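Take a look at the structure set out below.
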Amino acid sequence: MNVPIISVNDFSLNYGQERRLHNINFDVIGHQVVALIGPTGSGKSSLLRSICRMNDIHYDAKITSGTIYYKNQDIYKKEFNPLELRRNVGFVFQKNNPFPKNVYENVAYGPSLKKSHATEELDEIVKESLNAVDLWEELKDSLNLSAYQLTKNQQKRLCIARAIALKPEVLLLDEPCATMDTINTGKIEELINQLKKNYTIIIATHNMQQAARISDQAGYLNEGRLIEFNRTDALFMNPVNPETEAYISGRLG
Amino acid sequence: MNLLKTRSQKNGQITAHSRNLLKRFFQFNTYLFFTCICLIFLTISINGSKAIFTSKFPYINTAFFTEKPQTLYVYKPKWIIQKLSALEAESELIKQEDSNYETKHLTVKKEIQLLEKQLLNETIKFTEYQIQNSQEFDPNIYLRETYPFSAGGIAPALFGSIFLILGTFPIVFLMGLSSAIYLSEYSPNDKTTKIIKNSINALAGTPSIIFGVFGYGIFVLAFGWGFSLLAGWLTIALMTLPTVISDCEIALKRIPERERMNAIALGASKWQSIRHNVLPYSINEIFASTLFNIAKTSGEAAPIMFTAAYAFRDKLPWQGLENWHDFFFQGVMALPYHIYILSVKLPINAYTRDMQYGAAFIFLLFVGSLSMLGIYLKQLSINKQKPYL
C-alpha cells in the first residue's frame, strides 16, 4: 500500500573529481515530513538538488552510481522530462530569492510558464497559494508590492507559495529557517505542519530540535554518507550508529 | 620619546605635503586632458558652425545636408594678387636688410593684411551648377582656381554613413547577443571555451586597417561583391563584434546565478529562465553597448576605405536602383572617408575650410549623439538592475 513517492537507490554524485554523495539509500512515503540533518557541507543540499534534478545545471555534476525514482519512474533516464519533474517536485532555496517583480507576478510565474491561464483562473491560483502559506490576509491589498519590500519571513513564505502554485506533490525545503530568529522559525514550522496535509516535504536543516519537532522520518548525513535513516523518534531516542549518537548528543546536550 | 615624536611629526608633514603634490599632479593631468578635448571640440564646433548655420531664416544651411559635393570655382582679381606679391617681396627684403626697422615693417604687414581682406571680398565664387549659367570672366583680369568638393553639401556621405550604421546594427546586435548568451549561459567550462573567450578579447585590439584589408580580400574580391554596402556592413560588424560580445557577456554575468536557478526550480526551461529573468535586466545594456561600439567603429575610415566607400558618387543610395537587391551591392560615400579626402587631398585655405570643418562638425554631432544615447541606455539598465546589487 505504501508505495514510496521518492526512492533514492544507491545514489552517488561527483562534483568534478570530488565525490559529494556516497551510495545513498532511502524511501520517502507520501504526506510525511522527512528531515535531513547533518553539519554544513555534509551533502544535504546536493541530495535535495539531485531529487529535483537541479544539479543538471551544474556542469561538473556527474552521477556515478544508482538513481532516484519518483513514483517508480527513473528520473535520470534519458526519456524523462526534468521540466515536468520540477513542476511536481518543488524546490525552495535556502536564500530568499523572489523575482524582482511584484507579489502577484512572483506567484503566477510558475503556472503561466506552461500554458497561458485566464486572468480569473490565475487570480484563483495566486489566492490559493498565498492562502496556503498564510500570506493572503497580509498581502491581499498589496499584490503590486515589489517582493523585495517584504520582510524576510514574508519572502520565505512567498517563495514557498511560488512553488505551491504549481500544485506539486513534493516540496523540498533547503534550510528554510537558516537566517531566522526563533519567532519566525516557529511560524515557518507551523506552516510546514499545515502543508503536511497536502504535500510530502523533505527538509534539510542543521537545527536538530527543529527536525525532532516537525519530521516523521529523519536521516543523518555526514560527509556525503547517509549514516542513519529511521523514524524520527527512533533516530533521536535510540540511534543505532554511534556516529549519529555523538552528533545528536553533542548538539542537544 | 620626544625625539620620536618630533620625527614622526616631521614625517607626517612631509607625507602630507607630498600627498598634496601627488594630488596636484593627478589633477593637473586630468585637467590638461580635459582642456585638450574641449579645445578640439570647440575648434571644430566654432569653425564647423560657420558652414552649417546662417544668419537668415531658417538659420540652418539646408543645402549642406541636401546637396552633393560640388566643385568650387574661384575668380580672384589679378591686380590685387600682383600687388600682394609685390608687397610680400618688399617685406622679405626689409627683413633681410634691416631687421630693426620695425615701424616700416609693421606698416607693410598691415597693408598686406588689408589687401588679403580685399582679395577675399572681391573674389567671385561659383559652384559647379551656377557656373554653367554665368558669363565667362576675362582671364586677363581674373585668375581662375578650382577646389573639388568645396561647395554644395555632404548629403551622399551623410546618408551613406547612416545606411552603413543602420545595416551594421542588426548584424552586430543579433550576433553579439547570441554569442554572448552562448558563452555566458550555455558553453561548457572547458578549454575550447577558454580559447574562444581569450581570442575574442585579443581580437578587440586588432587594428582597423587589418579588418579593412580582410574585408577587401574576402567580401570584395573573393565573393565578388565589389565595393558594396553589404561588404561594408560585414566588415564593420566583424570589427565591432569582439568588443560587443565581451561587453554583453559581462552584462549577462552580472545577473546573479540564483535568478536563473529560481526559474528553473519552478519548471522553466533554460531558455525560459534566460528570457524571463536575465535578458529583461540586461537587454538595455546590450543595446547600449552595441550602439556605443558601432558609434566608435563607424568613425573609422580604414575598414570602409577598401570595402564600401567611394571618394565621390553623385547618386544618393536610393537613387537609380534597377532591382531592390542592387541596394546592397552599391558603394556609397561615407563621412569618415569624405573627411579624410577633404583634409588630405585639398589644400587648407579660406575656400575649403568651411567644408572641412562643417563635415567634421556634423560627424562629431552624429557619433556623439549615438554615444550619448548608448550611455543613457546603460544608465537606465543599471537602474533597473539595482534590486540585485
Side-chain angles (χ1 to χ4, degrees), chain A residues 15-16 45 48-49 51-61 81-102 105-115 129 146-149 155 158-168 171-174, chain B residues 179-198 249 251-286 377-389:
Chain A
Y15 275 176
S45 293
L48 280 192
R49 279 158 192 265
I51 293 174
C52 65
R53 281 192 65 172
M54 286 297 286
N55 275 331
D56 286 16
I57 300 136
H58 205 294
Y59 291 120
D60 293 336
N81 181 2
L83 302 190
E84 208 45 55
L85 175 77
R86 291 187 200 120
R87 301 177 77 83
N88 287 319
V89 181
F91 187 88
V92 179
F93 292 84
Q94 173 178 357
K95 253 189 172 173
N96 292 336
N97 53 355
F99 297 119
K101 296 171 179 167
N102 66 33
E105 285 168 328
N106 259 284
V107 182
Y109 181 78
S112 52
L113 268 179
K114 206 179 170 193
K115 56 173 184 166
S129 319
S146 162
Y148 276 82
Q149 284 170 282
Q155 285 187 9
L158 183 67
C159 289
I160 297 175
R162 208 171 52 176
I164 286 177
L166 288 163
K167 303 200 170 64
L171 273 179
L172 309 173
L173 308 181
D174 191 2
Chain B
S179 307
I181 288 179
Y182 173 72
L183 286 177
S184 139
E185 312 291 332
Y186 287 95
S187 65
N189 194 9
D190 61 4
K191 236 182 190 165
T192 325
T193 315
K194 238 178 221 164
I195 290 172
I196 291 175
K197 279 184 186 173
N198 285 334
E249 205 198 323
L252 291 175
K253 277 268 158 71
R254 197 177 299 132
I255 311 294
E257 188 62 26
R258 62 187 152 95
E259 295 304 321
R260 304 170 173 97
M261 300 293 244
N262 225 346
I264 282 172
L266 292 171
S269 65
K270 184 148 194 173
W271 170 237
Q272 275 175 323
S273 85
I274 295 168
R275 204 184 56 197
H276 297 145
N277 296 300
V278 179
L279 285 186
Y281 304 98
S282 47
I283 196 80
N284 267 347
E285 197 177 334
I286 290 168
L377 277 175
K378 192 162 187 176
Q379 198 52 49
L380 265 191
S381 145
I382 287 172
N383 288 343
K384 212 175 171 187
Q385 285 172 9
K386 259 182 190 156
Y388 293 145
L389 310 174

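Throughout, protein chains are lettered first and strands after them, A, B, ... in sequence-line order, and every chain is numbered starting at 1. This one's a predicted model, so the numbers in the text were calculated from it and none came from an experiment.
Within the 4.5 Å cutoff, the side chain of A/K101 has heavy atoms near those of the B/N277 side chain. Within the 4.5 Å cutoff, no side-chain heavy atoms of B/R258 are placed close to those of A/F93.
The closest donor-acceptor contact from the side chain of A/N97 to the backbone of B/N262 lies at 3.5 Å or more, if one exists at all.
In this structure, chain B has a heavy atom under 4.5 Å from the side chain of A/R49, while its backbone stays farther away. Both the backbone and the side chain of A/F99 come within less than 4.5 Å of a heavy atom of chain B. Using a 4.5 Å cut-off between heavy atoms, A/P168 does not touch chain B at all. Of the two parts of A/L166, only the side chain, counted from C-beta on, holds a non-hydrogen atom closer than 4.5 Å to a non-hydrogen atom of chain B.
The two residues A/L113 and B/Q272 come nearest to each other via the heavy atoms O-NE2, 3.4 Å. Smallest separation of non-hydrogen atoms from B/A263 and A/Y109: CB-OH, 3.5 Å.
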